[in-house]
Amino acid sequence: MSSNPVAETVASLMPRAKAELAELVAFRSVADFEQFPKSESEAAANWIADALRAEGFVDIALLDTPDGTQSVYGYLPGPEGAKTVLLYAHYDVQPPLDEAGWTTPPFELTERDGRWYGRGSADCKGGVIMHLLALRALKANGGVPVHVKIIVEGSEEQGTGGLERYAEQHPEVLAADTIVIGDAGNFRVGLPTVTTILRGMTLVRVGVETLAGNLHSGQFGGAAPDALAALIRVLDSLRAADGSTTVDGLDASAAWDGLEYTEEQFRSDAKVLDGVGLTGSGSVADRLWARPAVTVLGIDCPPVVGATPSVHAGARALVSLRVPPGVDATEASKLLQAHLETHTPWGARVTVEQVGQGQPFRADVSSPAYQAMADAMAVAYPGETMQYAGQGGSIPLCNTLAGLYPDAEILLIGLSEPEAQIHALNESVSPEELERLSVAEALFLRNYAG
(Lines give C-alpha, C1' and ligand atoms only; values in the text may rest on other atoms or scores of the structure.)
Protein backbone atom coordinates (compact mmCIF):
# COMPACT_ATOMS: atom_id res chain seq x y z
CA MET A 1 0.00 0.00 0.00
CA SER A 2 1.40 3.39 -0.98
CA SER A 3 2.41 5.53 1.96
CA ASN A 4 -0.12 8.09 3.11
CA PRO A 5 -1.09 9.32 6.59
CA VAL A 6 -4.46 7.54 6.61
CA ALA A 7 -2.89 4.22 5.62
CA GLU A 8 -0.14 4.66 8.20
CA THR A 9 -2.71 5.34 10.92
CA VAL A 10 -4.78 2.29 10.01
CA ALA A 11 -1.64 0.12 10.02
CA SER A 12 -0.77 1.35 13.50
CA LEU A 13 -4.29 0.51 14.71
CA MET A 14 -4.33 -3.09 13.49
CA PRO A 15 -3.19 -4.68 16.81
CA ARG A 16 -6.05 -2.87 18.54
CA ALA A 17 -8.43 -3.97 15.79
CA LYS A 18 -7.45 -7.60 16.32
CA ALA A 19 -8.02 -7.34 20.07
CA GLU A 20 -11.42 -5.72 19.57
CA LEU A 21 -12.48 -8.26 16.96
CA ALA A 22 -11.52 -11.02 19.39
CA GLU A 23 -13.80 -9.48 22.02
CA LEU A 24 -16.66 -9.17 19.55
CA VAL A 25 -16.26 -12.67 18.12
CA ALA A 26 -16.42 -14.10 21.65
CA PHE A 27 -20.11 -13.19 21.90
CA ARG A 28 -22.25 -16.11 20.69
CA SER A 29 -24.63 -13.65 19.07
CA VAL A 30 -26.79 -15.96 16.97
CA ALA A 31 -30.23 -14.34 16.73
CA ASP A 32 -32.03 -17.67 17.10
CA PHE A 33 -32.94 -17.58 20.75
CA GLU A 34 -34.11 -21.19 20.76
CA GLN A 35 -30.48 -22.18 20.14
CA PHE A 36 -28.45 -19.39 21.77
CA PRO A 37 -29.11 -17.15 24.78
CA LYS A 38 -30.54 -13.73 23.96
CA SER A 39 -28.11 -12.34 26.55
CA GLU A 40 -25.21 -13.07 24.16
CA SER A 41 -26.74 -10.85 21.47
CA GLU A 42 -27.56 -8.17 24.03
CA ALA A 43 -23.97 -8.21 25.27
CA ALA A 44 -22.64 -7.80 21.72
CA ALA A 45 -25.01 -4.88 21.14
CA ASN A 46 -23.85 -3.18 24.32
CA TRP A 47 -20.19 -3.70 23.36
CA ILE A 48 -20.83 -1.89 20.08
CA ALA A 49 -22.74 0.91 21.81
CA ASP A 50 -19.82 1.41 24.19
CA ALA A 51 -17.36 1.45 21.27
CA LEU A 52 -19.40 4.12 19.48
CA ARG A 53 -19.66 6.18 22.66
CA ALA A 54 -15.88 6.09 23.01
CA GLU A 55 -15.52 7.46 19.47
CA GLY A 56 -17.69 10.48 20.21
CA PHE A 57 -20.97 9.25 18.75
CA VAL A 58 -24.13 10.78 20.20
CA ASP A 59 -27.78 9.74 20.14
CA ILE A 60 -26.64 6.17 20.70
CA ALA A 61 -29.60 3.83 21.00
CA LEU A 62 -30.39 0.15 21.13
CA LEU A 63 -33.34 0.03 18.75
CA ASP A 64 -35.90 -2.63 19.65
CA THR A 65 -36.97 -4.03 16.28
CA PRO A 66 -40.25 -5.88 15.64
CA ASP A 67 -38.59 -9.31 15.43
CA GLY A 68 -37.46 -9.14 19.06
CA THR A 69 -33.82 -8.18 18.44
CA GLN A 70 -31.83 -4.98 18.86
CA SER A 71 -29.98 -2.87 16.31
CA VAL A 72 -27.34 -0.41 17.51
CA TYR A 73 -27.58 3.18 16.24
CA GLY A 74 -25.25 6.14 16.66
CA TYR A 75 -24.67 9.57 15.13
CA LEU A 76 -21.33 11.36 14.74
CA PRO A 77 -21.81 15.04 13.79
CA GLY A 78 -19.60 16.44 11.06
CA PRO A 79 -18.99 19.96 9.80
CA GLU A 80 -22.01 22.20 9.30
CA GLY A 81 -23.55 21.66 5.89
CA ALA A 82 -21.72 18.38 5.29
CA LYS A 83 -23.27 15.36 3.62
CA THR A 84 -24.55 12.45 5.68
CA VAL A 85 -23.23 8.91 5.22
CA LEU A 86 -24.85 5.86 6.80
CA LEU A 87 -22.48 2.98 7.62
CA TYR A 88 -24.04 -0.47 8.02
CA ALA A 89 -22.87 -3.78 9.47
CA HIS A 90 -24.47 -6.54 11.55
CA TYR A 91 -23.34 -8.20 14.75
CA ASP A 92 -25.49 -11.32 14.62
CA VAL A 93 -23.83 -14.40 13.15
CA GLN A 94 -24.69 -17.76 11.68
CA PRO A 95 -24.66 -20.75 14.04
CA PRO A 96 -21.24 -22.42 14.08
CA LEU A 97 -22.73 -25.68 12.75
CA ASP A 98 -20.61 -28.55 14.05
CA GLU A 99 -18.31 -26.91 16.57
CA ALA A 100 -16.18 -30.07 16.63
CA GLY A 101 -15.53 -29.57 12.92
CA TRP A 102 -13.73 -26.27 13.51
CA THR A 103 -9.95 -26.44 13.65
CA THR A 104 -10.06 -23.87 16.45
CA PRO A 105 -13.04 -22.80 18.61
CA PRO A 106 -15.57 -20.82 16.55
CA PHE A 107 -16.06 -18.09 19.14
CA GLU A 108 -12.37 -17.61 19.86
CA LEU A 109 -10.48 -15.46 17.34
CA THR A 110 -7.40 -17.44 16.35
CA GLU A 111 -4.59 -16.46 13.98
CA ARG A 112 -3.48 -19.17 11.60
CA ASP A 113 -1.62 -19.02 8.28
CA GLY A 114 -1.99 -15.26 8.08
CA ARG A 115 -5.76 -15.18 8.66
CA TRP A 116 -7.96 -14.61 11.71
CA TYR A 117 -10.46 -17.43 12.30
CA GLY A 118 -13.76 -17.19 14.16
CA ARG A 119 -17.49 -17.04 13.52
CA GLY A 120 -18.38 -13.54 12.40
CA SER A 121 -14.77 -12.52 11.79
CA ALA A 122 -15.69 -11.60 8.21
CA ASP A 123 -19.51 -11.73 8.31
CA CYS A 124 -19.97 -9.21 9.72
CA LYS A 125 -18.28 -8.34 13.01
CA GLY A 126 -15.21 -7.58 10.95
CA GLY A 127 -17.36 -4.98 9.17
CA VAL A 128 -18.00 -3.26 12.50
CA ILE A 129 -14.25 -3.04 13.10
CA MET A 130 -13.70 -1.79 9.53
CA HIS A 131 -16.03 1.15 10.14
CA LEU A 132 -14.33 1.97 13.44
CA LEU A 133 -10.86 1.84 11.85
CA ALA A 134 -11.88 4.15 9.01
CA LEU A 135 -13.34 6.73 11.39
CA ARG A 136 -10.35 6.59 13.76
CA ALA A 137 -7.97 7.13 10.85
CA LEU A 138 -9.89 10.21 9.73
CA LYS A 139 -10.09 11.62 13.25
CA ALA A 140 -6.31 11.30 13.52
CA ASN A 141 -5.79 13.05 10.18
CA GLY A 142 -7.88 16.20 10.13
CA GLY A 143 -11.26 14.93 11.29
CA VAL A 144 -14.31 13.20 9.82
CA PRO A 145 -15.55 15.45 6.99
CA VAL A 146 -19.15 14.18 6.86
CA HIS A 147 -21.99 13.50 9.25
CA VAL A 148 -21.90 9.78 10.04
CA LYS A 149 -24.78 7.58 11.04
CA ILE A 150 -23.99 3.99 11.92
CA ILE A 151 -26.44 1.12 12.21
CA VAL A 152 -25.38 -2.36 13.32
CA GLU A 153 -28.17 -4.90 12.85
CA GLY A 154 -28.94 -7.72 15.26
CA SER A 155 -30.79 -10.24 13.07
CA GLU A 156 -29.57 -9.98 9.47
CA GLU A 157 -28.68 -13.67 9.26
CA GLN A 158 -32.17 -14.77 10.30
CA GLY A 159 -33.99 -12.93 7.51
CA THR A 160 -36.75 -11.93 9.93
CA GLY A 161 -36.87 -8.33 8.73
CA GLY A 162 -36.69 -6.56 12.08
CA LEU A 163 -34.57 -3.62 10.95
CA GLU A 164 -36.45 -3.30 7.65
CA ARG A 165 -39.75 -2.94 9.51
CA TYR A 166 -38.20 -0.50 11.99
CA ALA A 167 -36.82 1.65 9.16
CA GLU A 168 -40.22 1.72 7.47
CA GLN A 169 -41.85 2.86 10.73
CA HIS A 170 -39.11 5.43 11.51
CA PRO A 171 -37.77 6.55 8.10
CA GLU A 172 -36.02 9.62 9.49
CA VAL A 173 -33.58 7.55 11.56
CA LEU A 174 -31.51 6.05 8.71
CA ALA A 175 -31.95 8.82 6.13
CA ALA A 176 -28.63 9.68 4.44
CA ASP A 177 -27.11 10.98 1.23
CA THR A 178 -25.06 7.81 0.78
CA ILE A 179 -25.18 4.40 2.41
CA VAL A 180 -22.14 2.12 2.72
CA ILE A 181 -23.15 -1.49 3.38
CA GLY A 182 -20.13 -3.25 4.91
CA ASP A 183 -21.52 -6.75 4.42
CA ALA A 184 -20.28 -7.77 0.97
CA GLY A 185 -16.78 -8.75 -0.17
CA ASN A 186 -14.08 -8.54 -2.81
CA PHE A 187 -14.24 -10.94 -5.74
CA ARG A 188 -10.94 -12.31 -4.51
CA VAL A 189 -8.34 -11.22 -1.97
CA GLY A 190 -6.55 -8.13 -3.23
CA LEU A 191 -9.06 -7.22 -5.97
CA PRO A 192 -11.12 -4.20 -4.86
CA THR A 193 -14.76 -4.86 -5.62
CA VAL A 194 -18.13 -3.24 -5.11
CA THR A 195 -21.17 -5.47 -5.22
CA THR A 196 -23.80 -4.07 -7.57
CA ILE A 197 -26.52 -6.70 -7.35
CA LEU A 198 -27.85 -8.94 -4.62
CA ARG A 199 -30.25 -11.79 -5.03
CA GLY A 200 -33.31 -11.64 -2.84
CA MET A 201 -34.54 -14.58 -0.83
CA THR A 202 -37.64 -16.38 0.29
CA LEU A 203 -37.46 -18.95 3.07
CA VAL A 204 -40.23 -21.51 3.58
CA ARG A 205 -40.88 -24.45 5.87
CA VAL A 206 -42.64 -27.32 4.10
CA GLY A 207 -44.30 -30.13 6.03
CA VAL A 208 -45.72 -33.41 4.72
CA GLU A 209 -48.09 -35.74 6.61
CA THR A 210 -49.47 -39.08 5.46
CA LEU A 211 -50.37 -41.20 8.48
CA ALA A 212 -51.82 -40.90 11.97
CA GLY A 213 -48.56 -42.30 13.31
CA ASN A 214 -45.42 -44.20 12.32
CA LEU A 215 -45.91 -47.81 11.17
CA HIS A 216 -43.75 -50.93 11.14
CA SER A 217 -42.05 -50.97 7.73
CA GLY A 218 -42.21 -54.77 7.53
CA GLN A 219 -45.93 -54.96 8.24
CA PHE A 220 -47.04 -51.86 6.29
CA GLY A 221 -44.15 -50.85 4.00
CA GLY A 222 -44.92 -50.99 0.30
CA ALA A 223 -48.48 -49.72 0.54
CA ALA A 224 -48.45 -47.21 3.39
CA PRO A 225 -47.50 -43.74 2.09
CA ASP A 226 -44.18 -42.71 3.62
CA ALA A 227 -44.11 -39.00 4.43
CA LEU A 228 -40.33 -38.83 4.31
CA ALA A 229 -40.28 -40.41 0.86
CA ALA A 230 -42.96 -37.95 -0.27
CA LEU A 231 -40.92 -35.04 1.04
CA ILE A 232 -37.78 -36.28 -0.71
CA ARG A 233 -39.70 -36.57 -3.97
CA VAL A 234 -41.15 -33.06 -3.78
CA LEU A 235 -37.76 -31.57 -2.88
CA ASP A 236 -36.17 -33.38 -5.80
CA SER A 237 -38.72 -31.75 -8.13
CA LEU A 238 -37.11 -28.37 -7.42
CA ARG A 239 -34.07 -29.27 -9.55
CA ALA A 240 -33.57 -30.56 -13.08
CA ALA A 241 -31.20 -33.43 -13.81
CA ASP A 242 -28.29 -30.99 -14.26
CA GLY A 243 -29.05 -29.32 -10.93
CA SER A 244 -30.73 -26.22 -12.37
CA THR A 245 -33.51 -24.75 -10.24
CA THR A 246 -36.91 -25.66 -11.67
CA VAL A 247 -39.72 -23.88 -9.85
CA ASP A 248 -42.81 -23.90 -12.07
CA GLY A 249 -43.34 -20.48 -13.64
CA LEU A 250 -40.04 -18.98 -12.42
CA ASP A 251 -37.66 -17.82 -15.15
CA ALA A 252 -34.17 -19.29 -14.86
CA SER A 253 -32.60 -18.18 -18.14
CA ALA A 254 -31.15 -14.71 -17.42
CA ALA A 255 -27.48 -13.95 -18.13
CA TRP A 256 -24.87 -11.89 -16.25
CA ASP A 257 -23.01 -9.23 -18.27
CA GLY A 258 -20.37 -8.10 -15.77
CA LEU A 259 -17.22 -9.57 -14.23
CA GLU A 260 -16.89 -13.23 -15.18
CA TYR A 261 -16.15 -16.12 -12.83
CA THR A 262 -14.24 -19.04 -14.33
CA GLU A 263 -15.30 -22.58 -13.45
CA GLU A 264 -11.73 -23.34 -12.37
CA GLN A 265 -11.67 -20.41 -9.95
CA PHE A 266 -15.12 -21.26 -8.63
CA ARG A 267 -14.19 -24.89 -8.04
CA SER A 268 -11.20 -23.70 -6.04
CA ASP A 269 -13.17 -21.08 -4.08
CA ALA A 270 -16.00 -23.50 -3.31
CA LYS A 271 -13.61 -26.39 -2.60
CA VAL A 272 -15.55 -28.73 -4.88
CA LEU A 273 -14.23 -32.28 -4.55
CA ASP A 274 -12.29 -33.77 -7.48
CA GLY A 275 -14.57 -35.47 -9.95
CA VAL A 276 -17.74 -33.77 -8.67
CA GLY A 277 -19.51 -31.64 -11.27
CA LEU A 278 -21.01 -28.19 -10.83
CA THR A 279 -24.76 -27.83 -10.95
CA GLY A 280 -26.85 -25.80 -13.36
CA SER A 281 -26.23 -24.41 -16.85
CA GLY A 282 -24.82 -21.20 -18.29
CA SER A 283 -21.77 -19.43 -16.92
CA VAL A 284 -20.91 -19.57 -13.23
CA ALA A 285 -21.76 -15.86 -12.97
CA ASP A 286 -25.17 -16.54 -14.56
CA ARG A 287 -25.88 -19.20 -11.95
CA LEU A 288 -24.68 -17.17 -8.97
CA TRP A 289 -25.90 -13.66 -9.74
CA ALA A 290 -28.54 -13.68 -12.49
CA ARG A 291 -30.67 -16.77 -11.86
CA PRO A 292 -32.76 -18.22 -9.03
CA ALA A 293 -31.27 -20.95 -6.87
CA VAL A 294 -33.04 -23.30 -4.47
CA THR A 295 -31.33 -24.92 -1.49
CA VAL A 296 -32.69 -27.40 1.04
CA LEU A 297 -31.29 -26.01 4.29
CA GLY A 298 -32.45 -28.74 6.62
CA ILE A 299 -34.76 -31.72 7.04
CA ASP A 300 -36.53 -32.90 10.17
CA CYS A 301 -36.50 -36.70 10.16
CA PRO A 302 -35.06 -39.43 12.36
CA PRO A 303 -31.25 -39.51 12.50
CA VAL A 304 -29.46 -42.60 11.25
CA VAL A 305 -28.23 -43.47 14.72
CA GLY A 306 -31.17 -44.88 16.62
CA ALA A 307 -33.48 -45.12 13.60
CA THR A 308 -36.20 -47.77 13.73
CA PRO A 309 -37.73 -49.78 10.83
CA SER A 310 -40.67 -47.44 10.36
CA VAL A 311 -42.80 -45.88 7.65
CA HIS A 312 -42.84 -42.21 8.65
CA ALA A 313 -46.04 -40.32 9.32
CA GLY A 314 -44.57 -36.85 8.90
CA ALA A 315 -41.46 -34.95 7.84
CA ARG A 316 -40.56 -31.35 7.12
CA ALA A 317 -37.84 -29.28 5.52
CA LEU A 318 -36.57 -25.69 5.42
CA VAL A 319 -36.15 -24.47 1.83
CA SER A 320 -34.40 -21.30 0.64
CA LEU A 321 -34.99 -19.76 -2.78
CA ARG A 322 -32.60 -17.02 -3.92
CA VAL A 323 -34.12 -14.68 -6.52
CA PRO A 324 -32.19 -12.30 -8.80
CA PRO A 325 -32.95 -8.65 -9.59
CA GLY A 326 -35.92 -8.40 -11.90
CA VAL A 327 -37.83 -11.04 -9.96
CA ASP A 328 -40.22 -10.03 -7.19
CA ALA A 329 -39.53 -12.10 -4.07
CA THR A 330 -43.20 -12.15 -3.08
CA GLU A 331 -44.21 -13.53 -6.46
CA ALA A 332 -41.35 -16.06 -6.35
CA SER A 333 -42.55 -17.20 -2.94
CA LYS A 334 -46.06 -17.78 -4.31
CA LEU A 335 -44.63 -19.79 -7.20
CA LEU A 336 -42.50 -21.85 -4.83
CA GLN A 337 -45.46 -22.61 -2.59
CA ALA A 338 -47.62 -23.59 -5.57
CA HIS A 339 -44.85 -25.82 -6.91
CA LEU A 340 -44.41 -27.64 -3.60
CA GLU A 341 -48.15 -28.21 -3.29
CA THR A 342 -48.51 -29.38 -6.89
CA HIS A 343 -45.56 -31.78 -6.81
CA THR A 344 -46.29 -33.46 -3.48
CA PRO A 345 -47.15 -37.05 -4.43
CA TRP A 346 -49.82 -39.56 -3.33
CA GLY A 347 -52.27 -36.96 -2.11
CA ALA A 348 -50.10 -36.37 0.96
CA ARG A 349 -51.10 -33.42 3.10
CA VAL A 350 -48.65 -30.58 2.60
CA THR A 351 -48.27 -27.26 4.41
CA VAL A 352 -45.99 -24.43 3.32
CA GLU A 353 -45.16 -21.68 5.80
CA GLN A 354 -43.13 -18.63 4.84
CA VAL A 355 -40.58 -17.78 7.52
CA GLY A 356 -38.45 -15.13 5.82
CA GLN A 357 -38.25 -12.96 2.71
CA GLY A 358 -36.14 -10.19 1.19
CA GLN A 359 -36.23 -8.44 -2.16
CA PRO A 360 -33.26 -8.42 -4.59
CA PHE A 361 -31.22 -5.26 -5.14
CA ARG A 362 -29.46 -3.53 -8.04
CA ALA A 363 -27.24 -0.49 -7.48
CA ASP A 364 -26.90 2.63 -9.62
CA VAL A 365 -23.21 2.56 -10.53
CA SER A 366 -23.35 5.91 -12.33
CA SER A 367 -23.64 7.87 -9.09
CA PRO A 368 -20.84 10.20 -7.84
CA ALA A 369 -20.28 8.01 -4.80
CA TYR A 370 -19.03 5.21 -7.02
CA GLN A 371 -16.34 7.45 -8.49
CA ALA A 372 -15.33 8.55 -5.00
CA MET A 373 -15.03 4.89 -3.98
CA ALA A 374 -13.11 3.97 -7.14
CA ASP A 375 -10.55 6.73 -6.42
CA ALA A 376 -10.25 5.58 -2.80
CA MET A 377 -9.75 1.94 -3.73
CA ALA A 378 -7.08 2.86 -6.27
CA VAL A 379 -5.04 4.25 -3.38
CA ALA A 380 -5.81 1.43 -0.95
CA TYR A 381 -5.07 -1.22 -3.61
CA PRO A 382 -2.20 0.18 -5.71
CA GLY A 383 -2.20 -1.03 -9.29
CA GLU A 384 -5.77 -2.38 -9.12
CA THR A 385 -8.98 -0.97 -10.61
CA MET A 386 -12.25 -1.27 -8.74
CA GLN A 387 -14.43 -4.05 -10.16
CA TYR A 388 -18.20 -4.53 -10.21
CA ALA A 389 -19.53 -7.94 -9.25
CA GLY A 390 -22.71 -9.59 -8.11
CA GLN A 391 -23.33 -11.49 -4.93
CA GLY A 392 -25.62 -14.46 -4.68
CA GLY A 393 -26.48 -13.76 -1.06
CA SER A 394 -29.21 -11.48 0.22
CA ILE A 395 -29.18 -8.30 2.26
CA PRO A 396 -32.91 -7.48 2.38
CA LEU A 397 -32.27 -4.13 4.05
CA CYS A 398 -30.71 -2.78 0.83
CA ASN A 399 -33.96 -2.89 -1.07
CA THR A 400 -35.83 -1.38 1.87
CA LEU A 401 -33.36 1.51 2.07
CA ALA A 402 -33.46 2.04 -1.69
CA GLY A 403 -37.25 2.32 -1.49
CA LEU A 404 -37.24 4.64 1.52
CA TYR A 405 -34.46 6.89 0.23
CA PRO A 406 -34.62 6.82 -3.60
CA ASP A 407 -32.07 9.65 -3.91
CA ALA A 408 -29.48 7.95 -1.68
CA GLU A 409 -26.47 6.26 -3.23
CA ILE A 410 -25.81 2.74 -1.95
CA LEU A 411 -22.43 1.00 -2.09
CA LEU A 412 -21.66 -2.53 -0.93
CA ILE A 413 -18.16 -3.45 0.19
CA GLY A 414 -16.83 -5.80 2.83
CA LEU A 415 -14.63 -8.63 4.02
CA SER A 416 -16.51 -11.70 2.77
CA GLU A 417 -14.20 -12.72 -0.10
CA PRO A 418 -14.27 -16.44 -1.09
CA GLU A 419 -11.46 -17.55 1.24
CA ALA A 420 -13.47 -16.23 4.20
CA GLN A 421 -15.85 -19.21 3.99
CA ILE A 422 -18.68 -17.29 5.60
CA HIS A 423 -21.57 -19.41 6.96
CA ALA A 424 -19.29 -22.47 6.83
CA LEU A 425 -16.87 -24.15 9.20
CA ASN A 426 -13.63 -22.25 9.86
CA GLU A 427 -14.81 -18.80 8.80
CA SER A 428 -11.93 -16.34 8.68
CA VAL A 429 -10.96 -12.83 7.72
CA SER A 430 -7.84 -11.57 5.97
CA PRO A 431 -6.24 -8.87 8.17
CA GLU A 432 -4.73 -7.37 5.01
CA GLU A 433 -8.21 -6.97 3.53
CA LEU A 434 -9.46 -5.44 6.77
CA GLU A 435 -6.60 -2.96 6.68
CA ARG A 436 -6.97 -2.03 3.00
CA LEU A 437 -10.75 -1.74 3.08
CA SER A 438 -10.58 0.44 6.19
CA VAL A 439 -8.20 2.74 4.32
CA ALA A 440 -10.51 2.70 1.29
CA GLU A 441 -13.54 3.59 3.39
CA ALA A 442 -11.72 6.43 5.13
CA LEU A 443 -10.51 7.88 1.82
CA PHE A 444 -13.97 7.41 0.33
CA LEU A 445 -15.53 9.50 3.10
CA ARG A 446 -12.93 12.22 2.46
CA ASN A 447 -13.41 12.08 -1.33
CA TYR A 448 -17.20 12.07 -1.05
CA ALA A 449 -17.19 15.10 1.23
CA GLY A 450 -15.68 17.05 -1.67
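- Classification of Arg28 and Glu99 as a salt-bridged pair holds, one side-chain N sitting under 4.0 Å from a carboxylate O.
- Shortest non-hydrogen contact noted between Thr202 and Ser333 is OG1-OG, 3.1 Å.
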Should Asp375 and Gln371 be marked as a side chain to side chain donor-acceptor pair (under 3.5 Å) after you check the CA-CA gap, both sets of side-chain angles, and the distance that decides it? CA-CA 6 Å; Asp375 293 343; Gln371 186 58 55; 2.8 Å; yes
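- Using a 4.0 Å cut-off between a side-chain N of Lys or Arg and a carboxylate O of Asp or Glu, Arg267 and Glu264 do not qualify as a salt bridge.
- For the side-chain contact (heavy atoms from CB on, under 4.5 Å) test with Ile181, the passing option among Leu86, Thr195, Ile395 is Ile395; the others fail.
- Shown here are the side-chain hydrogen bond (donor to acceptor under 3.5 Å, both in side chains) partners of Ser281, two or more places apart in sequence or in another chain: there are none.
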Could you walk me through whether Glu409 and Ser367 pass the side chain to side chain donor-acceptor pair (under 3.5 Å) check? CA-CA 7 Å; Glu409 304 172 70; Ser367 65; 2.8 Å; yes
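- Residue Asn399 holds its CG atom at 5.5 Å from CD of Gln359, rounded to the nearest 0.5 Å.
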List the steps, then state whether side chain to side chain contact (heavy atoms under 4.5 Å, CB included) holds for Leu443 with Met377. CA-CA 8 Å; Leu443 296 178; Met377 284 187 162; over 6 Å; no
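- With hydrogens and angles disregarded, no donor-acceptor distance shorter than 3.5 Å links the side chain of His147 to the backbone of Leu76.
- Under the side-chain contact (heavy atoms from CB on, under 4.5 Å) rule, Gln357 has a single partner from Leu203, Thr330, Val204, Thr160, which is Thr330.
- One finds the OG atom of Ser283 at 7.0 Å from the CZ atom of Arg291 (value rounded to the nearest 0.5 Å).
- The closest donor-acceptor contact from the side chain of Trp102 to the backbone of Pro96 lies under 3.5 Å.
- Looking only at side-chain heavy atoms (C-beta outward), Gln391 and Leu412 stay at 4.5 Å or farther from each other.
- Summarising the geometry of Ala45 relative to Tyr91, their closest heavy-atom pair is CB-OH, 3.7 Å, with the distance given to 0.1 Å.
- Side-chain atoms of Arg287 come within 3.5 Å of backbone N or O of Thr279 as a donor-acceptor pair.
- Distance CE/Met373 to CG/Leu445: 7.5 Å, rounded to 0.5 Å.
- We find the CG-OG1 distance between Leu425 and Thr103 to be 8.5 Å, quoted to the nearest 0.5 Å.
- The closest donor-acceptor contact from the side chain of Arg322 to the backbone of Leu288 lies at 3.5 Å or more, if one exists at all.
- Considering only heavy atoms from C-beta on, Met386 comes within 4.5 Å of Val194 through its side chain.
- In this structure the side chain of Val319 never reaches within 4.5 angstrom of the side chain of Leu321, judged on heavy atoms.
- Salt bridge annotation for Glu427-Lys125: absent, with no cationic side-chain nitrogen under 4.0 angstrom from a carboxylate oxygen.
- Put simply, the side chain of Phe107 reaches to within 4.5 Å of the side chain of Val93, judged on heavy atoms.
- Residues Tyr261 and Trp289 form a side-chain contact, since some pair of their non-hydrogen atoms from C-beta on lies under 4.5 Å apart.
- Residues that satisfy the side chain to side chain contact (heavy atoms under 4.5 Å, CB included) test with Gln35, not counting sequence neighbours, are Asp32, Pro95.
- Taken to the nearest 0.5 Å, the CG atom of Leu174 stands 12.0 Å off from the OG1 atom of Thr84.
- Taking CG of Leu278 as the start and CG of Asp242 as the end, the distance is 11.0 Å to the nearest 0.5 Å.
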Between Ile179 and Tyr405, does a side chain to side chain contact (heavy atoms under 4.5 Å, CB included) hold up when you go through it step by step? CA-CA 10 Å; Ile179 300 165; Tyr405 318 118; 4.2 Å; yes
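- Within the 3.5 Å criterion, the main-chain N or O of Val294 finds a donor-acceptor partner in the side chain of Arg239.
- With salt bridges taken as basic N to acidic carboxylate O contacts below 4.0 Å, one links Arg16 and Glu20.
- In this structure, Lys139 contributes its side chain and Glu55 its backbone to a donor-acceptor pair below 3.5 Å.
- Nearest heavy atoms, Leu259 versus Ala389: CD2-CB, 4.1 Å.
- A parallel orientation is assigned to the rings of Tyr448 and Phe444, their planes being inclined by less than 30° (bins at 30° and 60°).
- A pairwise comparison of heavy atoms in Cys398 and Ile410 identifies O-CD1, 3.9 Å as the closest pair.
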Does the pair Leu163 and Tyr88 meet the rule for a side chain to side chain contact (heavy atoms under 4.5 Å, CB included), with working shown? CA-CA 11 Å; Leu163 184 55; Tyr88 167 90; 4.1 Å; yes
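- Between the Thr193 side chain and the Phe187 main chain, a donor and an acceptor come within less than 3.5 Å of each other.
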Criterion side chain to side chain contact (heavy atoms under 4.5 Å, CB included) on Phe57 and Val72, from CA distance to verdict: CA-CA 12 Å; Phe57 278 77; Val72 187; over 6 Å; no
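- Pairing each heavy atom of Ala252 with each of Thr245, the nearest pair is CB-O, 4.0 Å.
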Does the side chain to side chain donor-acceptor pair (under 3.5 Å) test come out yes or no for Thr69 and Asp92, once each step is laid out? CA-CA 10 Å; Thr69 64; Asp92 71 303; over 6 Å; no
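- With contacts defined as side-chain heavy-atom distances shorter than 4.5 Å, the pair Leu434/Met14 qualifies.
- Residues Glu419 and Ser430 form no side-chain contact, since every pair of their non-hydrogen atoms from C-beta on lies 4.5 Å or further apart.
- The two atoms that bring Asn4 and Ala7 nearest to each other are OD1-N, 2.7 Å, heavy atoms only.
- Arg119 places a side-chain N or O within donor-acceptor distance of the main-chain N or O of Gln94, the cut-off being under 3.5 Å.
- Put simply, the side chain of Val128 does not reach to within 4.5 Å of the side chain of Ile150, judged on heavy atoms.
- The backbone N or O of Val152 lies less than 3.5 Å from no partner atom in the side chain of Tyr73, so there is not a single donor-acceptor pair.
- At distances below 3.5 Å, not a single donor-acceptor pair connects side-chain atoms of Ser155 with backbone N or O atoms of Gln158.
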